[in-house]
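It should be emphasised that the depicted structure is a prediction, and the values quoted were computed from it without experimental measurement.
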Amino acid sequence: MATETELSPRKVTILMAIIKSYLETGEPVGSRTISKETDLNLSSATIRNEMSDLEDLGYIIQPHTSAGRIPSDKGYRFYVDHLMESKDKEVQKMQEFYLEKTEKMEHLLKQVVKVIANNTQYATMMTTSRSRENVVKFVQLSMVHDEQLLAVVVMENNMVKNRIIPLDEPIDAENLLKLNMILNSSLNGLSVNEINLSVITAMKDQAGVHEDIIGEVIDTVAATISTEEEVEVYTSGATNILKYPELSDSGMSHQLLEAFEEKSELASLFADDGENETGIQVYIGSEAPSEKMKDCSVVTATYELGDGVKGTIGIVGPKRMDYDNVVSNLRNLKGQLDQLFKDNK
């Protein structure tokens, strides 16, 4: 017979199947149910023997003679610890992956604006943001201690957000698992726009006295989306502006350089930038998206890198800029960015 510290993989599979089935149905679980819900290809007699061992070890109990088994407190503890360990590892891998990917993308985009600035000899800016259509991958709730719950929200693109939720009283293992099941079955695959009032109401109804926790998790999902959509701005070649006499006036050049330093302003300039058929826009003089650029021409192009990442690249120069060269550079860039990103993964 297996000892307490030596649960075989087969026993672990059977135990996990018993607990999952009981959490879903509330009914004692028999060997026939286990044989249907696992890929072990074992006879009912073999499964009954394994269940008997698990009962002897205290992981499951038989509430009535001839009835199936239900988890004991010890069984719940094993399930929770096993589940949380697995999720913790997955979250850590996702955080490491996201950090590495973000660093690579930042390096790539910094190189892109530098190359474009060198090729055109004008000032170049680039904004990036993420699409609102990213969806929830999974939610993990785990106890920190009796008065705090940790909520971890992982999005499909591996963006991770943590939130500490204060508790009025501790939540037992069974209710914690119930909340995890409600959240994951309801939110998995949904974008923030799809998490509507009816979805939230249904989850709160299922959660009962713990409905406030559902609200906290929804806030965390919203915060994750908000974090994603913080716009990043990359610039290069700002001093190229000083090469052109009509822009080198001290007051004018100061305004332009100041505009490039105020990255939050640059981000807002192209937040609602439209697209024509080529995806390239030309703003001349007063048409420029900023008052500080009214004596310049600005040429912009929208782009998409995949993974929901999109943005705008803009080139700023004198009204007598070499439009043909600028437009050619942007048109080529739009076609190359996605491939550049793939090559740098």
Using every non-hydrogen atom in the two residues, find where [X] and [Y] come nearest and quote the distance to one decimal.
{"X": "Val113", "Y": "Lys110", "value": "CG2-O, 3.2 Å"}
{"X": "Ser328", "Y": "Asp324", "value": "OG-O, 2.8 Å"}
{"X": "Val199", "Y": "Ser186", "value": "CG1-O, 4.4 Å"}
{"X": "Leu247", "Y": "Gly317", "value": "CD1-C, 4.0 Å"}
{"X": "Asn240", "Y": "Ala123", "value": "CB-N, 4.3 Å"}
{"X": "Ile61", "Y": "Pro71", "value": "CG1-O, 4.5 Å"}

Rounded at 0.5 Å granularity, tell me how far [atom1] in [X] sits from [atom2] in [Y].
{"X": "Leu15", "Y": "Met51", "atom1": "CG", "atom2": "CE", "value": "10.0 Å"}
{"X": "Leu330", "Y": "Ile315", "atom1": "CG", "atom2": "CD1", "value": "4.0 Å"}
{"X": "Ser236", "Y": "Ile116", "atom1": "OG", "atom2": "CD1", "value": "10.0 Å"}
{"X": "Leu176", "Y": "Leu149", "atom1": "CG", "atom2": "CG", "value": "6.0 Å"}
{"X": "Ile165", "Y": "Gln148", "atom1": "CD1", "atom2": "CD", "value": "10.5 Å"}
{"X": "Ile47", "Y": "Leu42", "atom1": "CD1", "atom2": "CG", "value": "5.5 Å"}

Taking a hydrophobic cluster as the set of Ile, Leu, Val, Met, Phe, Trp and Tyr residues connected by side-chain heavy atoms closer than 4.5 Å, whether directly or through intermediates, do [X] and [Y] fall within one such cluster?
{"X": "Leu257", "Y": "Tyr244", "result": "no"}
{"X": "Ile280", "Y": "Ile284", "result": "yes"}
{"X": "Val154", "Y": "Leu150", "result": "yes"}
{"X": "Leu167", "Y": "Met203", "result": "yes"}
{"X": "Val115", "Y": "Met321", "result": "no"}

Main-chain N/O of [Y] paired to [X] side chain as donor or acceptor, under 3.5 Å:
{"X": "Ser185", "Y": "Met181", "value": "yes"}
{"X": "Tyr283", "Y": "Thr300", "value": "no"}
{"X": "Asn188", "Y": "Asn184", "value": "no"}

> Between Tyr59 and Phe78, what is the ring plane arrangement, given parallel below 30°, perpendicular above 60°, and tilted in between?
Replying inline: perpendicular
> Does any donor atom in the side chain of Asn49 or Asp53 lie under 3.5 Å from an acceptor atom in the other side chain?
Replying inline: no
> Should we count CG of Asp168 as having more than 12 external heavy atoms under 6.0 Å?
Replying inline: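 Not more than 12 within 6.0 Å, no.
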Beyond-backbone contact of [X] with [Y], side-chain heavy atoms, under 4.5 angstrom:
{"X": "Ile214", "Y": "Leu179", "result": "yes"}
{"X": "Ile171", "Y": "Ile213", "result": "yes"}
{"X": "Glu216", "Y": "Asp212", "result": "no"}
{"X": "Asn175", "Y": "Val209", "result": "no"}

> Is any side-chain N of the basic residue among Lys319 and Glu246 closer than 4.0 Å to the acidic one's carboxylate O?
Replying inline: no
>> The criterion is salt bridge (charged side-chain N to carboxylate O under 4.0 Å, His left out); which residues satisfy it with Arg48, sequence neighbours excluded?
In response: none
> Can you list every salt bridge (charged side-chain N to carboxylate O under 4.0 Å, His left out) pair that touches residues 111-125, not counting sequence neighbours?
Replying inline: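 As it turns out, there is no salt bridge (charged side-chain N to carboxylate O under 4.0 Å, His left out) pair with a partner in residues 111-125 once direct neighbours are skipped.
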> So which pairs with a foot in residues 169-186 pass salt bridge (charged side-chain N to carboxylate O under 4.0 Å, His left out), sequence neighbours left out?
Replying inline: none
> Taking Ile313 as the fixed residue, which of Val112, Thr127, Val299 is the one that meets the side-chain contact (heavy atoms from CB on, under 4.5 Å) rule?
Replying inline: Val112
> side-chain contact (heavy atoms from CB on, under 4.5 Å) with Ile18: which of Ile34, Thr33, Thr13, Ile70?
Replying inline: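 Among Ile34, Thr33, Thr13, Ile70, the one that satisfies the side-chain contact (heavy atoms from CB on, under 4.5 Å) with Ile18 is Ile34.
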